[in-house]
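Reading through the structure tokens given below for one structure.
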Protein chains: 2
Amino acid sequence: MTIPTSIASQQHDHSHCISTAMEQAKAVCAQNGARLTPLREQVFRLVWNSHQPLGAYALMDMLAAESTRRVAPPTVYRALEFLLEQGLIHRINMLNAFVGCTHPSSEHANNFLICEHCGVAIEFSADPLQTSINDTAAEFGFSINAQSIELMGCCQHCREAEL
Amino acid sequence: MTIPTSIASQQHDHSHCISTAMEQAKAVCAQNGARLTPLREQVFRLVWNSHQPLGAYALMDMLAAESTRRVAPPTVYRALEFLLEQGLIHRINMLNAFVGCTHPSSEHANNFLICEHCGVAIEFSADPLQTSINDTAAEFGFSINAQSIELMGCCQHCREAEL
DNA sequence: CGACAAAGTGTTATAGAATAACATAACTTC
DNA sequence: GAAGTTATGTTATTCTATAACACTTTGTCG
Ligand SMILES: [Zn+2]
Ligand SMILES: [Zn+2]
Ligand SMILES: [Zn+2]
Ligand SMILES: [Zn+2]
């Protein structure tokens with residue numbers, strides 16, 4: 001019922017990721033009294049099509065491909081905004097792209113490993129890391145409202161594949 | 001001869017920041033055999049006009065205001081690219097903006113506290129934080145090429161001013 | 001049920017950020 | 001000074017995101 005983040009870059013039963021994410025999304029929206037409309041669900045599904053962050057315009061094209069009607073930017077941006085508010089997806093600032101959240105119900109810090117090879121974004125959280133972050137902020141008398149940690153590089157799977 | 005990061009959001013002798021940054025920039029370029037041309041120096045100076053990250057188009061307007069000739073995007077983007085390569089400025093991904101680096105000569109991890117009130121970006125580094133980052137990456141078998149840590153919130157100075 | 005308000009979506013236009021491609025100028029090096 | 005390299009100018013275009021307004025659907029309440 002949870003999505004293990006570390007498998008994102010490996011071969012795995014991704015349909016399981018999708019269905020789990022879908023369940024969680026419905027639960028979160030129900031709990032928040034938010035409406036996961038057909039359009040929003042469609043965008044969410046498209047974002048979850050893979051573990052690779054997707055740009056808004058790529059999503060727009062996929063939306064347009066699925067339906068016959070033409071799709072304009074606000075359509076997809078509004079859906080993305082909703083999903084961001086609900087904590088169901090994250091924005092990767094380094095890529096101007098969006099990716100599904102693997103644990104939307106619990107508290108989550110926006111931390112990602114992003115592989116430059118396969119494009120997969122692995123969400124992670126680590127207590128010692130968060131402690132260091134909080135300590136540093138405290139040291140500066142700084143109060144954190146939002147945090148973005150993005151590490152670009154090469155994932156284990158891709159490095160092993162290269163040998 | 002160094003720029004203390006913690007004073008960025010306070011009243012301080014900013015002309016000292018600028019002159020120090022300028023010295024360091026010249027030293028870095030000399031060491032790397034890179035040419036700090038008048039245009040690049042002008043852009044660098046404009047970026048260092050404050051501790052608040054500046055967008056490329058704001059810079060462009062400032063450039064245009066200073067000289068009579070008209071300035072097109074590639075002009076400023078090429079200068080910014082050069083300064084980024086030399087490690088003299090950083091890009092704040094959450095803001096699509098650029099800010100001067102306070103310690104360009106040494107190794108530096110791209111870590112920032114960004115105040116939503118005054119807009120100041122405070123560059124910081126913390127050994128335990130970096131250790132946690134490296135540990136986490138190692139745990140996932142991930143090799144880091146670039147890292148971006150951006151903490152948005154409210155700086156001490158602004159919080160005290162609000163009371 | 002029928003008005004009404006609120007939330008969601010469609011549509012057009014525009015703003016904002018970044019790069020491609022090619023021409024010209026300046027600076028090196030021989 | 002000629003040739004090659006680096007830097008800048010110039011025009012056009014791509015990519016990302018939002019503003020503004022119209023229309024539709026959904027939920028609420030009398
Ligand atoms: Zn998966
Ligand atoms: Zn990979
Ligand atoms: Zn200063
Ligand atoms: Zn502040």
Side-chain angles (χ1 to χ4, degrees), chain A residues 25-26 29-30 32-47 52-86 88-99 119 148 150, chain B residues 25-26 29-30 32-47 52-64 66-86 88-99 119 146 148 150:
Chain A
K26 280 172 183 165
C29 287
N32 296 356
R35 292 173 48 202
L36 190 61
T37 63
L39 176 65
R40 289 165 174 173
E41 183 173 331
Q42 191 184 7
V43 170
F44 184 67
R45 206 177 285 278
L46 287 171
V47 169
Q52 293 151 356
L54 273 179
Y57 279 69
L59 275 167
M60 210 177 73
D61 293 345
M62 293 163 84
L63 267 182
E66 285 194 357
S67 78
T68 55
R69 70 176 188 278
R70 105 166 231 277
V71 181
T75 301
V76 60
Y77 276 104
R78 282 192 285 230
L80 290 171
E81 189 186 8
F82 170 84
L83 296 170
L84 283 170
E85 276 169 5
Q86 299 299 318
L88 297 172
I89 62 173
H90 292 294
R91 183 174 198 282
I92 307 294
N93 293 311
M94 288 179 98
L95 302 177
N96 296 338
F98 304 85
V99 72
S148 159
E150 301 175 1
Chain B
K26 280 172 184 166
C29 287
N32 296 355
R35 292 171 50 200
L36 189 62
T37 63
L39 176 64
R40 290 165 175 174
E41 183 173 330
Q42 191 184 6
V43 170
F44 184 68
R45 205 177 285 277
L46 287 171
V47 169
Q52 294 152 357
L54 274 180
Y57 279 68
L59 275 167
M60 211 176 72
D61 293 345
M62 293 164 83
L63 267 182
E66 284 194 357
S67 79
T68 56
R69 71 178 187 277
R70 106 166 230 277
V71 181
T75 301
V76 61
Y77 276 104
R78 283 192 284 230
L80 289 170
E81 190 185 7
F82 171 84
L83 296 170
L84 283 170
E85 277 169 5
Q86 298 299 317
L88 296 173
I89 63 172
H90 293 294
R91 183 174 198 280
I92 308 295
N93 294 311
M94 289 178 98
L95 303 177
N96 296 338
F98 304 85
V99 71
S148 158
E150 300 175 3

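Labels below follow one simple rule: chain letters A, B, ... track the order of the sequence lines, proteins then strands, and each chain is numbered from 1.
- To the nearest angstrom, C1' of D:dT16 lies 17 Å from CE of A:Met94.
- Applying the 5.5 angstrom centroid cut-off and the 30 degree plane-angle cut-off, the aromatic ring of B:Tyr77 is not stacked upon the base of C:dT19.
- The shortest side-chain heavy-atom distance between B:Glu66 and B:Leu46 falls under the 4.5 Å cut-off.
- Within the structure, a side-chain polar atom (N or O) of A:Arg70 is placed less than 4.0 Å from OP1 or OP2 of C:dT12.
- Nearest-nucleotide positions on DNA chain C place A:Pro38 closer to the 5' end than the other of B:Asn96 and A:Pro38.
- For A:Thr37, a side-chain nitrogen or oxygen approaches OP1 or OP2 of C:dT9 to under 4.0 Å.
- In this structure, of C:dG8, C:dT11, C:dT19, it is C:dT11 that holds the atom nearest to the side chain of A:Ala72.
- Counting to the nearest Å, the P atom of D:dT16 and the CG atom of A:Leu84 are 16 Å from each other.
- Side chains of B:Gln86 and B:Asn32: a donor-acceptor N/O pair is present below 3.5 angstrom, by distance only.
- B:Leu54 CG to B:Ile92 CD1: the interatomic distance, rounded to the nearest 0.5 Å, is 11.0 Å.
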Could you walk me through whether A:Lys26 and A:Glu41 pass the side chain to side chain contact (heavy atoms under 4.5 Å, CB included) test, one step at a time?
CA-CA 9 Å; A:Lys26 280 172 183 165; A:Glu41 183 173 331; 4.1 Å; yes
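- The distance from atom CG of B:Leu80 to atom P of D:dT8 is 12 Å, rounded to the nearest whole Å.
- Of the residues near DNA chain C, B:Gly55 and A:Arg69, the one whose nearest nucleotide (by heavy atom distance) lies more toward the 5' end is A:Arg69.
- When every heavy atom of A:Arg69 is checked against every heavy atom of A:Leu39, the shortest pair comes out as NH2-CD1, 3.8 Å.
- Two residues are said to be in side-chain contact when any heavy atoms from C-beta on lie closer than 4.5 Å; B:Val76 and B:Tyr57 fail this criterion.
- Nucleotide C:dA26 holds its P atom 14 Å from the CG atom of B:Leu39, rounded to whole Å.
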Table of protein N/O atoms under 3.5 Å from nucleotides 19-28 of chain D N/O atoms:
none

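- In this structure, B:Leu80 and B:Leu59 have side chains that are in contact, with non-hydrogen atoms separated by less than 4.5 Å.
- Taking atom OH on A:Tyr57 and atom P on C:dG16, their separation rounds to 14 Å, with Å as the unit.
- Contact annotation: B:Thr75 reaches the phosphate of D:dG9 (side-chain N/O to OP1 or OP2, under 4.0 Å).
- For A:Met60 and C:dG10, the CE to P distance is 13 Å, given to the nearest whole Å.
- Computed from coordinates, the A:Leu36 CG to C:dG8 P distance equals 11 Å when rounded to whole Å.
- The distance between atom CZ of A:Phe82 and atom P of C:dG8, rounded to the nearest whole Å, is 7 Å.
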